[in-house]
Amino acid sequence: MMQPTKHLYSAAVCGLFFALAGCHGGSPAISTSFGLDLQPNENAKRFGVLAQFSNTSCFGQPYAVYANNASERFQITGSTNKIQGDVHTNDTLKMAGNQNQITGTAEAAHGFDVSGNGSTMGARQATPVETFPVTYNAAAYTPTFTFQGDVDLRSVAAVWARPGVLKTGVYKATGKLSLSGNGATGQVTFIADSIQISGKDNQLIAAKDGLLFLATGTGNNTVHVSGNSNTLGGMIDAPRGEFQLTGSENAIQGMVMTDVAKIAGSRNSIVFQDFGFCRTAPTAAPQPSCSPSASPTVPPSTSPSVDPAPTPAVASPSQPPAPTPVPSTAPPTPPPASGTTWTFQGGGTPFAVAVDAANDIWTTNDGNYVTVSKNDNSGAMIDSRVVGSNAHDLAIEQGNQNVWVTVFSDSLIYAFKPDLAPTWGFQANGTTPVRYVMPTRVEGIAFDGNQTPYACGWDSGVIYKLDPVNGPNGANGGYSVWHDFHSSSAHPRDLIFDDAGNAYVTLNGANAVAKLDASGNEVGRVATDAHPSKLAFDQAGNVWVTCTGTDIDFLTAGEAPGHTVVKINPACNGTSLSFPVGNSPYGITCDPAGDLLVVNGGSYSMSRLNPTTGAVVQTYAAGSASSSHPTSVAMDHNGYAWISVFTDNLLLKLWP
């Protein structure tokens, strides 16, 4: 078997491409049934195509940009652009702008021409002239919408599911396919002679095979992104033409594969993201959590399958196909190729994320909207309710699936039924749900094994036990003091319970994690790094805590950001280990493989940590710019990670 020689991008099991070919030894199948031709050249090994198939691993190089032309330069002449991943050109790499950055290896067959100020690259490496690692076959894609000649989708009413939302599918045009205007979202694959994105604030994710744009024409501006602040996810392929990025503050995640590449805009980012070049679907829907001793719930079977070429009926622009509704309670299906799905949320400013038994996604929405929102597993908002100022944390009750929400600034706790009806009805005015009125601002909320809820009193240094039967109509307004830390500056922020009824609490102001027994007595305490925030168990029962390095609102506080997570043994007896991650780590969860996923609010990223060594084994982008602040992460029942990006008003769906 041919062995890769550099930049290994490994996976533990066969890639999706291998699964299509049966994942066995012998000669590779060159053409698949779903529109991707795998070319067996030397360079293709980096994307999982080896001389012989392997059932144990596959390899891929994380090229963010691949420029094929051997006589025309790959040019970066703008300023403050960032390419995260490797780049390749069969000619010369020219960097003439200021403060541009390539984080990975820059490969050039004919050398480097670097001028301007402050531009950097990870390493420079000579390379032979090579051919495309992967090619797409446009004819293999059955279109959902077909257009003759040039078309601007803004002028075609039939392609819009609702204002601002494009219908999911494959769009083909024999001429130029354009998207002008602002604020469109959609899961689409565009195939046309040329493709132009001239608006701003559009959010597009690949609908098929990780392919976002395939431009089949030649010449200048074959793919041209001239608008600003667009987010594009997937493969952008212009095999015979030119890719131009002339706008500003655009974020591309995936890969740009083109004949000629020119970047002349400013503050753009291109981040390599594996959208299926070296990944497989899981053989079963994984567990959504890492409770150390709870019996796992066996989800419906999801044996791996391969989606063939798209088969929706061809529809003219005036006759779009009728949508087929999929209820959120449908059994999970194998996830598609890896990648990130961007979805605007109607609630806005999502802060906390949780997943219910029906695989719906719940968010609290801080800031201007101050709501709690229920979203289906495609990310579309089902419904929302206004709750008050600074809706921070939420938890879902296991049995009845009621959703509990803490409202920080208003010192309130709400509980809603799964349909967002208030649990204890409305107050005398008939419109405001009955809610717990707490004596202090409240943060984290969690349930013990009896499904009794507890909440953190931020200002009082108290853990409150709530009455889930009578609610706010119970004694003392429905709450009692379960434990008092006797320090108003302790600032308890989050808590979790193990199966024995012990609680672990982050003391954000005291830089410690405390362990309380089932009666509320403190039985252990461990010092941590600055400002511990969120907690998660690993599969061995150890407690992991993120340390943001800042106080209550780490998004705006002036203190220095934290960079670590701390691992604490279950006894909470003073033994702890500290591991570096990104800036201001906050949300944390355990994935089905047992690794820890941490979102870094100060470096718009998510880190995957090995639970034994604490080493960061992979980093994912989680936002579009340095102003992005991811705050929370939760796993759904299909193995996706859902990430709230607070400042981008964005919820990300990532197949990690």
Side-chain angles (χ1 to χ4, degrees), residues 347 351-358 360-366 369-375 382-484 492-497 501 503 505 516 518-520 634:
F351 193 85
V353 180
V355 181
D356 67 15
D360 291 330
I361 314 301
W362 293 79
T363 64
T364 56
N365 305 294
D366 201 353
Y369 291 94
V370 292
T371 61
V372 57
S373 297
K374 181 180 182 180
N375 312 281
I382 298 170
D383 203 353
S384 67
R385 293 289 183 272
V386 175
V387 292
S389 299
N390 301 120
H392 272 193
D393 285 295
L394 80 161
I396 298 175
E397 199 172 343
Q398 284 188 6
N400 53 32
Q401 294 292 289
N402 289 337
V403 178
W404 294 65
V405 182
T406 62
V407 184
F408 180 77
S409 294
D410 289 347
S411 304
L412 299 173
I413 297 175
Y414 286 83
F416 293 97
K417 297 178 182 178
D419 62 357
L420 279 170
T423 302
W424 297 285
F426 294 96
Q427 297 191 54
N429 61 17
T431 58
T432 304
V434 175
R435 67 275 172 102
Y436 297 90
V437 179
M438 306 301 293
T440 176
R441 292 179 295 179
V442 281
E443 273 283 343
I445 187 165
F447 299 93
D448 66 12
N450 297 318
Q451 295 305 293
T452 299
Y454 299 76
C456 296
W458 175 263
D459 300 303
S460 60
V462 164
I463 303 301
Y464 295 103
K465 182 178 182 179
L466 305 174
D467 180 350
V469 177
N470 302 301
N473 300 315
N476 192 40
Y479 66 87
S480 60
V481 173
W482 187 60
H483 181 82
D484 189 344
R493 181 162 219 169
D494 192 26
L495 75 166
I496 54 176
F497 285 86
V505 183
L516 309 178
S519 299

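The structure displayed is predicted, hence computed values, not measured ones.
Every residue meeting the side-chain contact (heavy atoms from CB on, under 4.5 Å) condition with Asn429, not counting sequence neighbours, appears here in chain and number order: Gln427, Thr431, Thr432. Evaluation of the side-chain contact (heavy atoms from CB on, under 4.5 Å) rule for Val442 yields Thr406, Ile413, Met438 as partners, not counting sequence neighbours. Contacts of Ser519 classified as side-chain contact (heavy atoms from CB on, under 4.5 Å), with partners at least two apart in sequence or in another chain: Asp517, Asn521. The side-chain hydrogen bond (donor to acceptor under 3.5 Å, both in side chains) search around Asp393 returns Lys534, not counting sequence neighbours. Partners of Asp459 according to the salt bridge (Lys or Arg N to Asp or Glu O under 4.0 Å) rule, which considers only residues two or more places apart in sequence or in another chain, are Arg441. Under the side-chain contact (heavy atoms from CB on, under 4.5 Å) criterion, Pro433 pairs with Tyr414, Phe416, Pro422, Phe426, sequence neighbours left out. Remark: Tyr436 pairs with Trp404, Trp424 by the ring-ring contact (aromatic ring centres under 6.0 Å, His included) rule, at least two apart or across chains.
Each salt bridge (Lys or Arg N to Asp or Glu O under 4.0 Å) pair with one or both residues in residues 412-434, not counting sequence neighbours, would appear here, but there are none. Within the structure, no pair that satisfies the salt bridge (Lys or Arg N to Asp or Glu O under 4.0 Å) test touches residues 430-439, not counting sequence neighbours.
For the atom pair CG (Asp360) and CG (Asp383), the distance works out to 11.5 Å, reported to the nearest 0.5 Å. To the nearest 0.5 Å, atoms NE2 (His483) and CG (Leu516) are separated by 5.0 Å. Of the inter-residue distances, the one linking Asn402 atom CG with Thr423 atom OG1 reads 4.0 Å to the nearest 0.5 angstrom. We find the CG-CH2 distance between Asn375 and Trp362 to be 9.0 Å, quoted to the nearest 0.5 Å. Annotation: the span from Leu394 atom CG to Ile445 atom CD1 amounts to 9.0 Å, rounded to 0.5 Å. Between Ile361 atom CD1 and Ile382 atom CD1 the span is 9.5 Å, to the nearest 0.5 Å.
Shown here for Gly461 and Pro492, the closest heavy-atom pair between the two residues is CA-CD, 3.7 Å. When all heavy atoms are compared, the tightest approach of Val355 to Ala634 is CG2-CB, 4.1 Å. Leu495 approaches Gly444 most closely through the heavy-atom pair CD2-O, 3.8 Å. Nearest heavy atom pair, residue Thr364 against residue His392, reads OG1-O, 2.7 Å. Of all heavy-atom pairs spanning Ala395 and Phe447, the tightest one is CB-CE1, 3.6 Å.
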Using a 3.5 Å cut-off and no angle test, enumerate the donor-acceptor pairs between side-chain atoms of residues 463-474 and protein atoms at least two apart in sequence or in another chain.
from, atom 1, to, atom 2, distance (Å)
Tyr464, OH, Ser460, OG, 3.0
Asp467, OD1, Val469, N, 2.9
Asp467, OD1, Asn470, N, 3.1
Asp467, OD2, Asn470, ND2, 3.0

Could you pull out all donor-acceptor pairs under 3.5 Å where a side-chain atom in residues 450-457 meets a protein atom, sequence neighbours excluded?
from, atom 1, to, atom 2, distance (Å)
Gln451, OE1, Gln398, N, 2.8
Gln451, NE2, Asp448, O, 3.4
Tyr454, OH, Asp448, OD2, 3.0

Q: Apply side-chain contact (heavy atoms from CB on, under 4.5 Å) to Ile396 and Gln401, showing your working.
A: CA-CA 6 Å; Ile396 298 175; Gln401 294 292 289; 3.6 Å; yes
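The backbone N or O of Thr440 sits less than 3.5 Å from a side-chain atom of Ser411, completing a donor-acceptor pair.
Using a 4.5 Å cut-off on side-chain heavy atoms (C-beta onward), Leu412 and Val387 make no contact.
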